[in-house]
Visitor: 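Take this structure first; my questions come after.
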Amino acid sequence: VTITSSLIPDSASSSGYQAQLQVQVELLGSAGINNSKDATKFFIGTMLDPDTLNLALSKLARMQQFQGLQLGDLEQLVAISDIGGANVFNLIGVSDSPQDASIVVKTVFQAFLDKIHNDRGKVVNGLVAALNLDLVQVESDEANSAATLQSLKATGKIATPAYSFLASLH
């Protein structure tokens, strides 16, 4: 899935200033997602997921204007405007100034990208660990069968079915 984005200029609203980041999701046939609608739904859910927002919150909390901001507060500052049936949605951030609204949107989007990257890294690391365990087992099995072959050969049992079977594996 490829994500493209563009920042829509800030606008004033009754609750402060809004910044919108338009996100387009393109399906590239990966991650088991079979259509753009499902991919868009997945990314919208991930964008507003508490884990994503907590990651954004940890970055925002380093900035003076956002110190003391809690997860519930951040949840009130961000929203998604889903463009029904399309592979596009808007991430909307609201704050007291146009700059802060843009910072909220950009930080949540970056946290989203970081979360996706981190989650993919965990999957890859898990697969590598499982493959390494399998490799150790295969190497052990190979060493055992080689030793058994040597033993059968040393005792003159090369005409046995066990020898023929193990020899066919090597």
Side-chain angles (χ1 to χ4, degrees), residues 1-140:
V1 175
T2 299
I3 299 171
T4 58
S5 62
S6 59
L7 187 62
I8 297 171
D10 303 316
S11 59
S13 72
S14 60
S15 56
Y17 288 90
Q18 277 189 353
Q20 294 184 48
L21 185 71
Q22 189 171 70
V23 180
Q24 179 180 1
V25 179
E26 294 182 29
L27 184 64
L28 299 177
S30 64
I33 299 174
N34 298 320
N35 61 59
S36 294
K37 183 178 176 183
D38 289 344
T40 302
K41 184 178 176 181
F42 169 78
F43 284 116
I44 287 172
T46 304
M47 187 81 64
L48 296 178
D49 181 79
D51 290 340
T52 302
L53 294 180
N54 269 320
L55 185 57
L57 187 60
S58 68
K59 295 175 182 189
L60 289 169
R62 294 184 215 139
M63 298 176 220
Q64 182 178 0
Q65 67 269 39
F66 297 109
Q67 288 180 353
L69 189 68
Q70 300 295 314
L71 179 60
D73 301 328
L74 181 56
E75 289 172 337
Q76 298 300 312
L77 297 178
V78 294
I80 295 287
S81 171
D82 185 11
I83 300 170
N87 63 335
V88 176
F89 63 91
N90 292 323
L91 173 64
I92 301 166
V94 177
S95 193
D96 296 334
S97 74
Q99 296 82 8
D100 288 351
S102 292
I103 289 170
V104 167
V105 167
K106 290 176 186 177
T107 304
V108 169
F109 185 70
Q110 186 59 53
F112 161 77
L113 294 176
D114 293 347
K115 181 175 180 353
I116 294 293
H117 178 73
N118 189 30
D119 289 351
R120 285 184 178 168
K122 287 178 184 177
V123 169
V124 169
N125 290 341
L127 289 171
V128 168
L131 288 171
N132 282 332
L133 286 174
D134 286 348
L135 178 61
V136 168
Q137 183 62 49
V138 166
E139 288 172 339
S140 174

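This one's a predicted model, so the numbers in the text were calculated from it and none came from an experiment. Counting from 1, the numbers follow the sequence of the chain as shown.
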Visitor: Please table the atom pairs, donor to acceptor, closer than 3.5 Å between any side-chain atom in residues 61-68 and protein atoms at least two apart or in another chain.
Guide:
| from | atom 1 | to | atom 2 | distance (Å) |
| --- | --- | --- | --- | --- |
| Q65 | NE2 | D100 | OD1 | 3.1 |

Visitor: Closest heavy-atom contact between N87 and T40?
Guide: CA-OG1, 3.3 Å
Visitor: Kindly write out the residues that satisfy side-chain contact (heavy atoms from CB on, under 4.5 Å) with V128, not counting sequence neighbours, or none if the list is empty.
Guide: V124, N132
Visitor: Under the criterion side chain to side chain contact (heavy atoms under 4.5 Å, CB included), I'd like the reasoning laid out for V104 against V94: C-alpha separation, chi angles, the key distance, then a yes or no.
Guide: CA-CA 8 Å; V104 167; V94 177; over 6 Å; no
Visitor: Among residues at least two apart in sequence or on other chains, which ones pass side-chain contact (heavy atoms from CB on, under 4.5 Å) with N118?
Guide: K122
Visitor: Nearest 0.5 Å, what's the CD1-CG distance between I44 and D49?
Guide: 13.5 Å
Visitor: Rounded to the nearest 0.5 Å, how far does CG of D119 lie from OG1 of T52?
Guide: 8.0 Å
Visitor: Output the distance between atom OG (S102) and atom CD (Q18), rounded to the nearest 0.5 Å.
Guide: 11.0 Å
Visitor: Taking C-beta and beyond as the side chain, do F89 and V25 meet within less than 4.5 Å on heavy atoms?
Guide: yes
Visitor: Please enumerate all residues that pass salt bridge (Lys or Arg N to Asp or Glu O under 4.0 Å) together with D51, with sequence neighbours excluded.
Guide: none
Visitor: Does a side-chain heavy-atom distance below 4.5 Å link L21 with V108?
Guide: no
Visitor: Tell me, do N54 and L74 make a side-chain contact under 4.5 Å, heavy atoms counted?
Guide: no
Visitor: My understanding is that only residues two or more places apart in sequence, or in another chain, count here; which of them pass salt bridge (Lys or Arg N to Asp or Glu O under 4.0 Å) with K41?
Guide: none
Visitor: In chain order, what residues pass the salt bridge (Lys or Arg N to Asp or Glu O under 4.0 Å) check against D114, with sequence neighbours excluded?
Guide: K59
Visitor: If every non-hydrogen atom of Y17 is compared with every non-hydrogen atom of D96, which pair is closest and at what distance?
Guide: CD1-O, 3.3 Å
Visitor: Within a strict 4.5 Å, meaning less than it, do heavy atoms of the L91 and I80 side chains meet?
Guide: yes
Visitor: Compare every heavy atom of S95 with every heavy atom of A101, then report the nearest pair and how far apart it is.
Guide: N-CB, 3.5 Å
Visitor: Within a radius of less than 6.0 Å around CD of Q110, do more than 12 heavy atoms belonging to other residues, nucleotides or ligands occur?
Guide: yes
Visitor: Roughly how far apart are L57 CG and L69 CG, rounded to 0.5 Å?
Guide: 5.5 Å
Visitor: V105 and Q20: which non-hydrogen atoms are nearest, and at how many Å?
Guide: CG1-C, 4.4 Å
Visitor: About how many Å separate CZ of F112 and NE2 of H117, when rounded to the nearest 0.5 Å?
Guide: 13.5 Å
Visitor: Only counting residues at least two apart or in another chain, list the ones meeting side-chain contact (heavy atoms from CB on, under 4.5 Å) with E75.
Guide: L53, L71
